[in-house]
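Only heavy atoms go into these numbers, but all of them, side chains included; no hydrogens, no water, no symmetry mates.
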Amino acid sequence: MGRVIELKTAVPGPASGALMARRARAVPRGVPAVTTVAVVVADGAVLTDADGNRLIDFAGGIGVVNVGHRHPRVVDAVRAQLDRFAHVCFPVVSYEPYVALAERLNAVTPGNYEKRTLLLNSGAEAIENAVKIARAHTGRAAVICFEHGFHGRTNLAMALTSKVRPYKAGFGPFAPEVYRLPYPYCYRCTTGPVAGTCCLATPERLAEQFATIVDPATVAAIVIELELGEGGFVPAPPEYIRALSEFARANGILLIADEIQTGFGRTGSLFACEHYGLVPDMLVTAKSLAGGLPLAAVTGRADVMDSPMVGGLGGTYGGNPLACAAALAVLDIMADEHIAERATELGGRIRRRFCAWADSDPGIGDVRGLGAMVALELVLDRGTKAPDAARVTRLVAEALRRGVVLLSAGTYSNVIRVLVPLTASDALVDEGLDVMAEALSASRLAPH
């Protein structure tokens with residue numbers, strides 16, 4: 001296989017620049033532009049921009065294309081459905097793709113109990129509906145979330161989200177009855193493990209925390225990302241998830257797993273829950289569910305999901321038939337092409353390179369992540385762990401200039417995450433990592 005990256009102009013080139021100028025006149029400034037590149041074609045893990053430059057995509061539409069851009073089976077499924085109908089509204093007239101997808105998600109998500117699946121448009125909408133369902137089932141109002149968590153940009157989802165800028169600043173007031181616990185972010189923990197175990201992972205510690213924020217008897221649900229997404233790709237320690245699950249069960253609290261970014265193979269299993277032996281009461285998915293089409297789902301215990309009254313759930317576009325057809329194809333691809341196993345292989349490949357860089361670069365404070373959901377945390381000093389957001393900004397720019405699209409993350413904007421499509425070849429990933437190494441070196445040499 002030859003070199004993937006092909007640069008005909010500087011990146012961004014003049015055609016991309018022209019579209020960005022039009023964008024600035026037509027689109028609100030609040031919509032970010034992580035890069036200033038305009039894409040005209042995307043295939044697999046390769047983007048072609050308006051200037052004819054071929055770039056390697058390590059962003060994957062922010063974790064949306066685990067099966068790659070325009071996977072042929074996804075394209076064929078969508079085209080076939082489009083020949084039948086594009087929209088009729090499921091609450092008005094039913095159709096097979098919605099029901100078939102609900103059946104598939106009920107079957108593949110953790111838990112041997114009877115389940116139901118609600119289909120929606122986005123991760124934020126799915127989170128909001130999961131909370132609605134939890135409140136309807138328990139008759140309780142309070143919801144627990146976590147520091148460093150991200151759950152979306154709607155009002156309740158913003159209330160559940162931790163990072164203030166840019167997600168929450170100026171947008172309040174937010175939905176009430178939302179309470180926040182510390183996330184087990186071990187790299188930044190000031191206490192450290194106790195007897196080799198996460199210091200937060202005991203029933204006593206959880207009871208102490210609840211004693212100062214909210215009565216557990218009033219809590220409907222706990223919403224948690226098993227590995228933080230926007231918060232910096234921080235996996236929760238297994239002992240913490242066990243303690244949290246036991247506490248929830250003992251107090252009649254529903255556990256909602258936000259698998260919007262971790263789901264569909266990214267962590268080396270179909271769902272991150274499987275790494276923890278966790279069977280949540282509800283599991284929320286989106287992003288890679290439909291291979292690039294907007295679709296989200298809440299899958300959970302039948303008795304919980306059936307709690308809202310008739311008409312209490314739904315929406316005009318939720319479970320769009322084109323997106324459902326795409327999702328059914330994605331689930332087939334996951335099984336037939338062993339995508340989760342491939343994520344484990346890719347993750348090991350990426351982690352080895354990251355760890356080798358860390359051996360010689362004191363600015364790399366931590367390498368972490370499950371499967372192919374791997375990240376670097378950059379710091380000014382390993383002792384103080386002061387975040388180095390400026391270097392991350394330089395690194396992203398240097399990588400783009402050389403032909404690789406990267407994403408930052410983290411509460412302190414000092415994390416580099418990799419979300420390369422899981423169908424990418426070893427050669428493509430290695431080429432992208434070679435460019436990352438050059439960009440990392442260039443970012444280190446640049447003055448602060």
Side-chain angles (χ1 to χ4, degrees), residues 109-116 118 126-149 151 156-157 159-162 174-186 189 191 194-195 197-228 235-259 271-284 298-308 312:
T109 49
N112 294 323
Y113 46 74
E114 186 179 1
K115 299 176 197 157
R116 303 280 188 269
L118 168 69
I127 288 290
E128 294 231 5
N129 275 273
V131 171
K132 282 168 53 178
I133 293 165
R135 286 172 168 167
H137 181 74
T138 62
R140 303 173 178 182
V143 182
I144 299 295
C145 58
F146 289 85
E147 293 174 358
H148 308 289
H151 300 286
L156 176 57
L160 295 167
T161 290
S162 180
F174 301 111
E177 289 299 309
V178 171
Y179 302 89
R180 203 173 311 279
L181 291 180
Y183 190 87
Y185 191 160
C186 295
C189 177
T191 302
V194 176
T197 297
C198 170
C199 65
L200 300 176
T202 66
E204 295 77 16
R205 187 66 186 275
L206 284 166
E208 288 173 7
Q209 291 170 343
F210 272 83
T212 61
I213 60 169
V214 65
D215 180 358
T218 68
V219 176
I222 297 171
V223 183
I224 188 167
E225 299 167 278
L226 298 171
E227 178 171 340
L228 295 174
E239 64 268 25
Y240 181 80
I241 297 302
R242 283 195 298 272
L244 185 70
S245 178
E246 290 167 5
F247 183 89
R249 189 162 50 249
N251 288 278
I253 302 169
L254 298 181
L255 191 60
I256 300 171
D258 179 339
E259 293 242 24
F271 302 104
C273 289
E274 297 169 56
H275 291 284
Y276 295 88
L278 175 68
V279 179
D281 298 292
M282 284 182 277
L283 188 149
V284 176
V298 181
T299 302
R301 288 168 30 198
D303 62 313
V304 172
M305 297 293 293
D306 282 339
S307 296

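- In this structure, F174 and L160 have side chains that are not in contact, with every pair of non-hydrogen atoms separated by 4.5 Å or more.
- Side-chain contact between V304 and Y113 is absent, with no heavy-atom pair separated by less than 4.5 Å.
- Proximity of a side-chain donor or acceptor of D215 to a complementary backbone N or O of A217 within less than 3.5 Å is detected.
- Residues R135 and E177 meet the side-chain proximity criterion, which asks for heavy atoms closer than 4.5 Å.
- Remark: side-chain polar atoms of R116 are not paired, donor with acceptor, to backbone N or O of A302 under 3.5 angstrom.
- In this structure, T161 contributes its side chain and H151 its backbone to a donor-acceptor pair below 3.5 Å.
- A heavy-atom distance below 4.5 Å is not found between the side chains of N112 and V279.
- For the pair Y183/L200, no side-chain contact is recorded, criterion being any heavy-atom separation below 4.5 Å from C-beta on.
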| said: Checking T202 against T197 for the side-chain contact (heavy atoms from CB on, under 4.5 Å) test, could you report, in this order, the C-alpha distance in whole Å, the side-chain angles of both residues, the deciding distance, and whether it holds? | reply: CA-CA 9 Å; T202 66; T197 297; 5.7 Å; no
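- Checking side-chain atoms of Y276 against main-chain N and O of Y240 turns up no donor-acceptor pair under 3.5 Å.
- Looking at I256 and V143, their side chains never come closer than 4.5 Å, going by heavy atoms from C-beta outward.
- Side chain of Q209 to main chain of L206: no donor-acceptor pair is present (N/O by atom type, distance under 3.5 Å, no hydrogens or angles).
- With hydrogens and angles disregarded, a donor-acceptor distance shorter than 3.5 Å links the side chain of K115 to the backbone of T109.
- Partners of D303 by salt bridge (charged side-chain N to carboxylate O under 4.0 Å, His left out), not counting sequence neighbours, listed by chain and number: R301.
- Two residues are said to be in side-chain contact when any heavy atoms from C-beta on lie closer than 4.5 Å; H275 and L226 fail this criterion.
- The backbone N or O of I241 lies less than 3.5 Å from no partner atom in the side chain of S245, so there is not a single donor-acceptor pair.
- Looking at E128, its side chain does come within 3.5 Å of a backbone N or O of L156 through a donor-acceptor pair.
- The main-chain N or O of R180 is never found under 3.5 Å from a side-chain atom of E147 such that the two would form a donor-acceptor pair.
- For residues 245-255, no pair satisfies salt bridge (Lys or Arg N to Asp or Glu O under 4.0 Å), with sequence neighbours left out.
- At distances below 3.5 Å, not a single donor-acceptor pair connects side-chain atoms of Y179 with backbone N or O atoms of F210.
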